[in-house]
Engineer: 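First the structure, which I've put down as structure tokens, then a few questions once you've had a look.
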Amino acid sequence: MKKILLIGNGAREHVIAETLKRSPQGCELYVYMSAMNPGVLDNCHTFRIGKLDDMEAIKKFAVECKPDFAFIGPDNPIADGAADALLEVGIKTVAPLKICAQLESSKAFTRELVAKYGIEGSPKFRVFTTSNGLREFIKELGEYVVKADGLTGGKGVKVSGEHLANIDEGFAYAMECLNADGRVVIEEKFIGVEFSLMSFVDGVHVVDMPAVQDHKRALEGDKGMNTGGMGTYSDANHSLPFLRPGDLEAAHAITVKVAEAIYKETGKYFKGIMYGGFMAVKNGVGLIEYNARFGDPEAMNVLPLLKTDFIDVCERIIAGNLESVEFENKATVLKYIVPEGYPENPRKGEKIEIGEVPAGVKMYYGSVDARPDGVYLSGSRALAFVGIADSLESAESLAQSAVGSVNGPVFYRRDIGTAELIQKRVEVIRSLYVL
Ligand code: AMP
Ligand code: GLY
């Protein structure tokens, strides 16, 4: 029986908890959480409620429960150095040290690292600490992206033609970022289709999970505001219908080189999950960004398919002897139920009723409040339904059959995982080759 400390309380941590509990080794799970997630609670032995940025409270709980190791789910405690804090009390973590977590917490760090080590996939970019040459560089790029340097949940990124209508708007937003953070990243805009490739990394060995596609826009047809992700899908062959031969290999090669570069640059091994946001572009694969953790929702597409003992995978990440990891050849489609008004003005504190979850569908609790008389919305993505089947079509019908079972002031994207939307992605890739 292993004792494991898990930090976090979203739907991602629900699936992490469930997957650790499935281990044949047996698992006593201790959870440090900032809110009562009923799915995490169902899997846990003991929990502590506290703030995720309170390193002293995290250390205190860890010392009390003496886990074999810790797993940190969300980006904020990882960026704040929760792995370093736990190491101070002798606990190793599946999550990078703060210095390695800059891979996610600083966009400038990652762009500069990739450039310094000559790794492919980078757009043209410059990191500005003053306004010198800024307007000229935006002009030179034509189509460009302005990125605030720090954890902004994707909200600090503005893209020309989408959020920025002209050079003046781009310059003004770049100056806003510069004044707030002291620096700003300006880069070339990629044209293509995005995908997520997450890998288990022990510092040296990189083992990929099935590729996943997320849908960031709030509304059907990719309209509306950017969100944390409204839903995702993955295919039975672990690739995606719009990818070309060699795309996943190219993305894998970038992650291997970046893991190596992090060690050379910091003297520390990255141990945890490297989650690459890539774009399939005309000439191959572009690197949009890295996250230093599992994706939410992507974790819920891949972990239910994990055949290898998850505790063994975690222990090998820590020991540095990670080998192959097996996943079932199934397709998954995930649809998130979110409060009406999400992401700008989400309904909160309202009760939702959840009907019976159909066979073949998994349900994960996200931002909800479990009270004695039921489940209440707490303002962000509330419930995830994952259909798992042999084909994307069947997985989509399963997920769709489940979302309707929720009653309350909520909505979801019906189009995620449908043949029609997937075909549109395939068409975008085809259009890159039309002169
Ligand atoms: P990030 O926080 O870096 O993932 O950026 C948020 C979103 O902005 C991404 O999911 C992309 O849709 C978009 N984005 C970021 N960088 C680029 C780029 N170089 N080219 C095109 N789109 C981008
Ligand atoms: N799926 C988006 C994220 O986890 O950042």
Side-chain angles (χ1 to χ4, degrees), residues 8 10-13 15-16 73-76 78-79 103-111 114 121-127 138 141-164 170 173 177 184-198 209 211-218 222 224-234 273-283 285-303 334-336 338 343 364 366-367 380-381 384 413 416 425 428 432:
R12 167 182 47 211
E13 287 72 32
V15 74
I16 292 170
D75 47 353
N76 281 307
I78 295 178
L103 188 64
E104 173 167 5
S105 63
S106 168
K107 300 203 184 277
F109 171 85
T110 301
R111 285 292 182 229
V114 166
S122 184
K124 278 190 209 138
F125 78 97
R126 272 180 68 186
V127 181
I138 291 178
L141 289 177
E143 294 263 46
Y144 61 91
V145 181
V146 180
K147 295 187 166 184
D149 193 38
L151 288 184
T152 60
K155 294 175 196 91
V157 175
K158 293 198 179 179
V159 179
S160 68
E162 289 175 40
H163 318 95
L164 303 167
Y173 179 59
C177 296
V184 61
V185 181
I186 311 289
E187 63 188 40
E188 172 194 352
K189 177 180 170 181
F190 287 128
I191 310 291
V193 183
E194 284 183 71
F195 63 97
S196 307
L197 184 66
M198 301 184 293
M209 304 179 216
V212 180
Q213 189 173 44
D214 191 10
H215 299 72
K216 300 228 172 182
R217 298 298 194 97
D222 296 319
M225 301 277 293
N226 270 328
T227 70
M230 292 294 290
T232 34
Y233 66 88
S234 70
I273 313 300
M274 279 175 65
Y275 154 6
F278 294 98
M279 196 174 276
V281 294
K282 184 164 181 185
N283 298 319
V285 167
L287 173 64
I288 289 181
E289 63 156 1
Y290 273 106
N291 297 312
R293 53 170 172 88
F294 271 115
D296 180 349
E298 288 92 332
M300 289 169 277
N301 297 88
V302 301
L303 286 176
L334 180 151
K335 302 196 191 210
Y336 245 129
V338 304
Y364 295 102
S367 174
S380 192
R381 296 172 296 170
R413 273 185 63 170
I416 290 170
R425 310 289 189 234
V428 171
L432 298 177

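Ligands are counted one by one from 1 in listed order, and the atoms in each one are counted from 1 as well. Here the structure is a predicted model, which is why all the values come from computation and not from measurement.
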Engineer: Can you tell if the side chain of V146 reaches within under 4.5 Å of the side chain of V157, non-hydrogen atoms only?
Structural biologist: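 No. Closest side-chain heavy atoms not under 4.5 Å.
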Engineer: What do you reckon, does Y275 put a non-hydrogen atom under 4.0 Å from ligand 2?
Structural biologist: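 A heavy atom of Y275 does come that close to ligand 2.
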Engineer: Tell me if a side-chain donor or acceptor on S196 pairs with a main-chain N or O of Q213 at a distance below 3.5 Å.
Structural biologist: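 Between the backbone of Q213 and the side chain of S196 there is no qualifying donor-acceptor contact (under 3.5 Å).
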Engineer: Does M230 reach the side chain of K335, with side-chain heavy atoms less than 4.5 Å apart?
Structural biologist: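 No, their side chains stay 4.5 Å or more apart.
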Engineer: In terms of atom number and element, which parts of ligand 2 are under 4.0 angstrom from non-hydrogen atoms of G228?
Structural biologist: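 Answer, ordered by atom number: 1 (N), 2 (C).
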Engineer: Side chain or backbone, does K189 bring an N or O within less than 3.5 Å of an N or O on ligand 1?
Structural biologist: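 In fact, backbone or side chain, K189 has no N or O that close.
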Engineer: Record the part of E194 in heavy-atom contact with ligand 1 below 4.0 Å; permitted values are side chain, backbone, both and neither.
Structural biologist: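 Under 4.0 Å from ligand 1, E194 contributes side-chain atoms alone.
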Engineer: Report the nearest protein non-hydrogen atom to atom 1 (N) of ligand 2: residue, atom name, distance rounded to 0.1 Å.
Structural biologist: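 Looking only at protein heavy atoms, the one closest to atom 1 (N) of ligand 2 is E298 OE1, 2.7 Å.
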Engineer: Backbone or side chain, does any N or O of K107 fall under 3.5 Å from an N or O of ligand 1?
Structural biologist: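 Min N/O separation from ligand 1 is below 3.5 Å for K107.
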Engineer: Hey, does the Lys NZ or Arg CZ of K189 hover above the aromatic six-ring of Y144, less than 6.0 Å from the centre and inside 45° of the axis?
Structural biologist: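 No, K189 and Y144 do not form such a contact.
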Engineer: If we set the cut-off at 4.0 Å for heavy atoms, which region of E104 has an atom near ligand 2: side chain, backbone, both, or neither?
Structural biologist: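 Neither; no heavy atom under 4.0 Å.
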Engineer: Under 3.5 Å, N or O to N or O, is K216 touching ligand 2 that way?
Structural biologist: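 Between K216 and ligand 2 (N or O atoms, distance only) the closest approach is not under 3.5 Å.
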Engineer: Return yes when G277 approaches ligand 2 closer than 4.0 angstrom through a heavy atom, no otherwise.
Structural biologist: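 Per 4.0 Å heavy-atom rule, G277 does not contact ligand 2.
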Engineer: What I'd like to find out is whether the side chain of I191 reaches to under 4.5 Å of the side chain of L432, using heavy atoms alone.
Structural biologist: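 Yes, their side chains come closer than 4.5 Å.
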Engineer: May I ask you to list the atoms of ligand 1 that are less than 4.0 angstrom from any heavy atom of K147?
Structural biologist: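 Selected atoms, number and element: 3 (O), 15 (C), 16 (N).
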Engineer: Please report whether ligand 1 has a polar contact with F190, defined as an N or O pair separated by less than 3.5 Å (distance criterion only).
Structural biologist: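 For ligand 1, there is an N or O atom that lies under 3.5 Å from one belonging to F190.
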Engineer: Can a non-hydrogen atom of R12 be found less than 4.0 Å from any atom of ligand 2?
Structural biologist: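 No.
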Engineer: At a 4.0 Å threshold, what atoms of ligand 2 neighbour a non-hydrogen atom of R293?
Structural biologist: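 With R293 as reference, the close atoms of ligand 2 come out as 3 (C), 4 (O), 5 (O).
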Engineer: Determine whether a donor-acceptor pair (N or O, by modelled atom type, separation under 3.5 Å) exists between the side chain of S367 and the backbone of S380.
Structural biologist: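 Flag set: sc S367 to bb S380 pair under 3.5 Å.
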Engineer: Considering only heavy atoms from C-beta outward, does the side chain of F195 approach that of M279 to under 4.5 Å?
Structural biologist: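 They are not in contact (no side-chain heavy atoms under 4.5 Å apart), so the answer is no.
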Engineer: Return yes if some donor-acceptor pair links the side-chain N/O of D149 with the main-chain N/O of A108 below 3.5 Å, else return no.
Structural biologist: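 Yes, the answer is positive, given that a donor and an acceptor are paired below the 3.5 Å cut-off.
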Engineer: Should one rank V159, V145, T110 by closest heavy-atom distance to atom 13 (C) of ligand 1, which comes out on top?
Structural biologist: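 Nearest option to atom 13 (C) of ligand 1, by heavy atoms: V159.
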Engineer: Evaluate the side-chain proximity of L141 to I186: yes if any heavy-atom separation is below 4.5 Å, no if none is.
Structural biologist: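 Yes, close enough: below the 4.5 Å cut-off.
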Engineer: Identify the residue among R111, K107, K124 that makes a salt bridge (Lys or Arg N to Asp or Glu O under 4.0 Å) with E187.
Structural biologist: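 Output: one option passes, namely R111.
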Engineer: Compute the minimum heavy-atom distance from G229 to ligand 2 and say whether it is under 4.0 Å.
Structural biologist: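 The answer is no: ligand 2 sits nowhere under 4.0 Å from a heavy atom of G229.
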Engineer: Could you list which atoms of ligand 1 come closer than 4.0 Å to a heavy atom of E187?
Structural biologist: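 Reading through ligand 1 atom by atom, the close ones are 16 (N), 17 (C), 18 (C), 19 (N).
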Engineer: Which of the atoms of ligand 1 are close to I288, meaning less than 4.0 Å from one of its heavy atoms?
Structural biologist: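 Numbered from 1, ligand 1 contributes 3 (O), 4 (O), 15 (C), 16 (N).
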Engineer: Identify, by atom number and element, the atoms of ligand 2 in contact range of D214, meaning under 4.0 Å from any of its heavy atoms.
Structural biologist: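 Checking each atom against D214, I get 1 (N), 2 (C).
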Engineer: Any non-hydrogen side-chain atom of M198 less than 4.5 Å from a side-chain atom of V302?
Structural biologist: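 Contact flag for M198/V302 side chains = yes.
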Engineer: Please identify which atoms of ligand 2 are closer than 4.0 Å to at least one heavy atom of G295.
Structural biologist: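 It comes down to these atoms of ligand 2: 4 (O).
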Engineer: Between D222 and K216, does any NZ, NE, NH1 or NH2 come within less than 4.0 Å of an OD or OE carboxylate oxygen?
Structural biologist: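 Salt bridge absent between K216 and D222.
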